[in-house]
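Worksheet: one structure, shown below.
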Amino acid sequence: MDEYPYPLFFEATVFTDREKEKVRRYFQKRRDSGGGDCGNVEKLGGSIYKICFKEKEDQERVLQRKFHTITLPSGEVQLTVSQTSSPQTSDQPSTSQSLSSTNPNIKDLEKTFRIDVFLLFFLRDNSKAYKFFKKQLSSIGCTVELNFDEEVVLVRGEVDKGPGGGFGGAAEKWECQVDRVFIQLTETYLCYHVLEPKLVKMVLQDPSFRTNDIKVYTESGYAVVVGEVDAMKEKIAVLEKSLPTKKEVPIVEKKFKLVEEEFNREMRANCPEVTIIRGTAMITLEGPDKEVQSGAAKLDELIKNVKEKRVKFPTALLTFMKTSDAIPKYQTRFQQRLRNPVFFEVGSDLVLSSLSSDALNEAEAAVMRDLKVTTVQLQGAIDLNRLKEILTKAKNEANSRELRVDVSYMPGASGTSTTKVRLVGYSEDVAKLNEVLHDFQLNQVSTQETINLLHPEIVDCFVKILDLIGMKQTKVTLQASHFPNPCVFVSGPRCHVQEAKETLTSTLSSLIVETLTLDGPGAQQYFQEEGKVTKELIESSCYVIIREKQTAATPNVQRPRNTSRLSDTPRSLSYSSSMYSTVGNSAINITNLKIKISSLENEQVDVLVVPMLNKQLTSTNIGNSLLAKAGNILQLTFYLVLASCAIAPGDVQLVDAPPSLGCSKIFFIECLPWDGVRGKSVQALGNGLKKCLELCAQLNFGSVAIPIIGPGIVLKYPLREAIQVLTDIIHQFGLSVSSGSLTNIHIVIKPGYPDSEECYHDVYKQLSLNMNQGGQAIFRSLTSDLDDIIMTVGSGVKLHVVFGDITNETTDVVVNTTNFKSFDLDGVCKDILTVAGPEVEAKLKAAKVNRGKIFVTQSGNFPCKAILHVHGRQDEVLIEQLVCDIMCYCEMHEYNSVAIPAMCAGAGGLDPAIVAGAILRGIKSSASSMNSLTNIRLILIKIDVFLAFKEEAMQMYSPAVINRVLPVFPVLPVQVQQQQPPPSVSAYLSSLQISSTSQQSVFTFLGLSKKDVDNAMEKLKHQYQTQCSSNTFSKEELELLSQDDMTELKELVESEGLFMQTDQSGTLTVSGLKDGVTRVMQKMSQCQFMAFAKEVRVREEEDLYLRVVWCILAHNGNWERLPRTANHQLESDELTEGIKDAQGLTWEVNLQTMVATRQLNRQTTKLKRLENLPDFTFPLYWDSMAASESMKVITLESSSAEYQTVKEPFKRTVTKTVMKIERLQNVHLRRAYEAQKKHISDKNAQEGGAGEKLLYHGTTQENCNSIMKTGFNRRFAGQNATSFGLGTYFAVNANYSAHPTYSKPAADGSQLMFVARVLTGVYTQGRHDMKVPPPRNPQQPQDRYDSVVDRIDNPSMYVVFHDNQAYPDYLITFK
């Protein structure tokens, strides 16, 4: 159904499209035309136009007006509308008709006029007007009837025949007279529609609008006033003056706040109908004009009464007011508590504004009274650091709830060492700190004395000595030092230093110092670890201090106890920096730090660090991931190593990694669930991480990968605490004396978690802060997988791929990706608009942007020149075009730089790789034409999005255009100068014995009495001896050790400090600490087990290799057998790490599809499994066969390499078309053929072996099936020819066998030919009468030739006389 069914027509000159729209809008406005909702203006032909209305009432109201005058750009135009497309001569749309009459000389006429219904009502209600109207019609002999149902006026009259006897002229005259009456009627009276609600109310309430000559009619929502034109013009003027007006008054915010309350009060009292709208620096008044003007004048008057006072204050005090809560506090106070409000503003001066001078003075006095600046000159030698500590504490106490006081320090005059202290803030708090400062100057004047020490050992244990003698550092500071000589510095207030010096000198001179020497370094290691608690008990019970003394053979670096377990450090130590020695550190740390976005199990490093709980491999997600990749061999190795070990929190357990992981060792840390920042869990994790790094350095590992341990569902660390522990330990390791060969530390962050980005930023921030210490670099570099990529594209344009936040950019142009609807959803759009401000957001909300267009706004508060808003609509083609348009816009406006986010990759939901491709293609296609635009930055806030862009960029652009990718340091192997032959077991054991017995453990004892010292020495010696044991290994056990096992055993022996003894029979006796001996025994057991496991695996692989054949289709189309290990992996479904083929290439495997995929280039190929029979090995190119099958015919795919390999030599000599090629798999025939092949090969081992050749044999359909099933039969010799003997003939060239004589065509013209494997062996010239080949030597008649030929020099025909000497390999059907 038509939406606009009620048409009207009018005649006019030719309209332009713009004029048509102007006419349409005129008829759409009821106030102008009486119309309403309508369609477009249409031209019907000539000068006739049509416009259609949705409602019939709208159409009729338009018809009621005689003329419609419209102002167009070309001038005013007057239109007369009609209900028909033919123009009417009457000014009013009307209808007339003739009525029948009884008098033939008189004709009755009738005409209907449709006028405004409200004029119709007016005629009904105004008797004066209606009488005048009827009188006019009566004068021309007419009667009138008002029809309110049809809303028409009906006029009737009579005319006589004219002189010619017709009615035509009289009827026309009558109609013209009637039309003139109606034209006069419509020009005399006016219907005025009142639409404004306020005016409607006024019209209805004002009695002046209800007179005899003026009538008011109401409809829903509006009113209509009808009356004579002159009277109506006066009323319309009154109404138009009553229309509300609007006035905007600029204001200064601070002044308006002062007068706002009084202004609102005045307006409510005097101008109640005025609406006040508050804007930014603007007040808008809406209402009756008079009241609006009055309100504006009142506001201006009030603002002029505002007084302002500028007060000079010290800069420091102004700064304090700005940084503290003073400004809002005074604002509230001065607005509420003073007699008149005061506005408080701080700039270069203090500015006070108010309507009252008294209030200004009162406010100034309050500020001067409340705030104060005091500067104090320090006198004498002051411990400035101590003073700062005291003042900082006092300041923090004062500022516990709000900033009330601040302290700063200023150097004195040039050339002096004095310092000034400035206190600024609230007067009472400044007074309190001033009092603290005064007390310090009276009581804390510092001095320092020195006590020289006779025994250097005292320096290292000075704190314990103070505890031993019961001396506390309350009033003085005591610091022991080796420089310039062993001494103690006593510093503090002068009155206390001398007293402390005298007491300490007397006590130190009475100390007893003795030395105890024990054989072997194991004693020191024991008392540093397991025996530490015992040593501490001896110290406390005997009142002594025991110190380990470093001998010449013992370096001052503690080595790990073993290569499989580290016991925990003493419980009294945390993981703080005291763990590392930094004194005299001059070594250069070669370690590189790299943040890896990966999974730990995929890292290619020497060592992986893994958390565990309660000695369980699968207690954490990381452990589960490792097990999933490495398989059960990891679990077996793990439990073998940990089964007999006692593990405490913070201990580290070393486990050999299986080949499926990209590392050689796994360090497992025993952890505790989170129990607070100061709990045991943080200490245990810190100790464990420290030991891992020390082990890597001491065992010469080159690289280690460490995850963020803790923030999982098991350990439940807060993310930031976990990061803090790890980065602190790495920092302390960097400060250590040497990092050994450890050149790479990987911090691994797994992507895809909600907090992955937060984790990366925190780790990067912490490591960045730890790169330097005291101005010296402690690590070589810090890189990450998310480092910027910079490349040159086009004509010198720099393209940056950046992982970061776009709101941090300062480019000339910033691109915002938005859907122009949702502005509150988290994402790039919300972030940009938050910075840019509400004005930019308002413009964006009001914008109507077509598809593919750019909407440009000013930058607002964003630090750029322009913001380009775009909507990618999840369309990669559109995104690419938008990028091109963005670059062209920048170039046209001569912008130098632009920042672009990943359009639609976030909330838009588009695949990041698709977005990356579209954006980079857009840049690549436009970059060559850029001159002004030189810097394009792709800002990517999500890790997965950045990695997708990075991969796409590296693929799209060649390495030649990449200017800079932040350096990535590879994991470097430990350099070996020369490969030495493996040492013998005896030589190896000899070196162990020498290196162990040449060391001693020396302890220094300090005590207050000789008796206590002697008692402690005896107890320590006895304790060590009770911890020792020995074990002997046989020569057979030692011979199971590999070279790696020997190396590890050597390291274990040295780290445990054990004694080694050998005898002539080759046995080895190990003696020393029980734990050390036990670990050597465990190591030997582990080596034996691994050797056995390896032997079992080799036997399994060998046995399987004989039974099952796994093949891979090589690039040349041939099936190649996979090596034994891959064969076993495929059969056992151990495919986590993929398989390696005979060329060493690694493939990923899908056993369901039997497809293998190269890891690097994603090349795919097929796999095949064959299961050999006990007495038959399947050829590699055969398809698998069921055990019950003895024969199988396989039709080759014409696209396969095998098909082409068979077809190509056939087509060299045969021009006919190959219809199909079939492979024949006959187990019985092939078994017999292979047996004959081995026999001939062994017989002719010195003369070329079996001489296997692929030859051709033509056949018929009748013989074909027999040959396929039972093979070639020499008994049928002679059917075609026997020129060279009574055997089976095979041709070198296919064209010979293709002759119809040998390959007889079938009824459809097709022919058959076998491609046969023939064992030609040693051959000779054939003769027609031969039934078997002749003897090779007349003296040995049983040793015969293997075949005969048509000619010796270049055979084209071979004849064999043994049925098993040929195998039908393929059958070719051709035509």
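Just so it is clear, the values below take in all heavy atoms, side chains as well, and ignore hydrogens, waters and symmetry mates.
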request  = Kindly write out the residues that satisfy salt bridge (charged side-chain N to carboxylate O under 4.0 Å, His left out) with Lys432, not counting sequence neighbours, or none if the list is empty.
outcome  = none
key: Phe1003 and Leu518, any side-chain heavy atoms less than 4.5 Å apart   = yes
remark   = side-chain hydrogen bond (donor to acceptor under 3.5 Å, both in side chains) filter on Glu1018, not counting sequence neighbours, yields none
key: Results of salt bridge (charged side-chain N to carboxylate O under 4.0 Å, His left out) for Glu514 - residues two or more places apart only   = none
remark   = Sequence neighbours excluded, the answer for side-chain contact (heavy atoms from CB on, under 4.5 Å) partners of Asn452 is Thr450, Asn485, Cys487
ask   = Who passes side-chain contact (heavy atoms from CB on, under 4.5 Å) against Leu468, sequence neighbours left out?
value = Tyr543, Ile545, Leu1008
request  = Let me know which of Val430, Val407, Thr375 forms a side-chain contact (heavy atoms from CB on, under 4.5 Å) with Arg422.
outcome  = Thr375
message = Just to verify, which of Gln698, Lys690, Lys691 counts as forming a side chain to side chain donor-acceptor pair (under 3.5 Å) with Glu694?
response = Lys690
Donor-acceptor pair, side chain of Gln653 and main chain of Ile669, under 3.5 angstrom = no
remark   = Residues passing the salt bridge (charged side-chain N to carboxylate O under 4.0 Å, His left out) test with Asp1012, sequence neighbours excluded, are none
Residues forming a salt bridge (charged side-chain N to carboxylate O under 4.0 Å, His left out) with Lys615, sequence neighbours excluded = none
inquiry  = List the residues meeting side-chain contact (heavy atoms from CB on, under 4.5 Å) with Val376, not counting sequence neighbours, and say none if there are none.
reply    = Thr374, Asn434, Leu437, Gln441
Minimum heavy-atom distance Ser1030-Thr1069, with the two atoms named = CB-CG2, 4.4 Å
inquiry  = Could you check whether Lys532 makes a cation-pi contact with Phe527, meaning its NZ or CZ is under 6.0 Å from the centre of the six-membered ring and within 45° of the ring axis?
reply    = no
query = Can you name the residues that form a side-chain hydrogen bond (donor to acceptor under 3.5 Å, both in side chains) with Asp406, not counting sequence neighbours?
reply = none
ask   = Donor-acceptor pair, Asn687 side chain versus Gln683 backbone, under 3.5 Å?
value = yes
For Leu433, the option from Val421, Leu423, Ile390 that meets side-chain contact (heavy atoms from CB on, under 4.5 Å) = Leu423
inquiry  = I'd like to check the side-chain contact (heavy atoms from CB on, under 4.5 Å) partners of Thr392; sequence neighbours left out, ordered by chain and number.
reply    = Asn396
remark   = Phe668 meets the ring-ring contact (aromatic ring centres under 6.0 Å, His included) criterion, sequence neighbours left out, with Phe638
note = Heavy-atom closest pair (Ile538 atom, Val544 atom, distance to 0.1 Å) is O-CG2, 4.2 Å
query = Is the closest basic N to carboxylate O distance between Glu536 and Lys464 below 4.0 Å?
reply = no
ask   = For Arg547, what residues pass the side-chain hydrogen bond (donor to acceptor under 3.5 Å, both in side chains) criterion, not counting sequence neighbours?
value = none
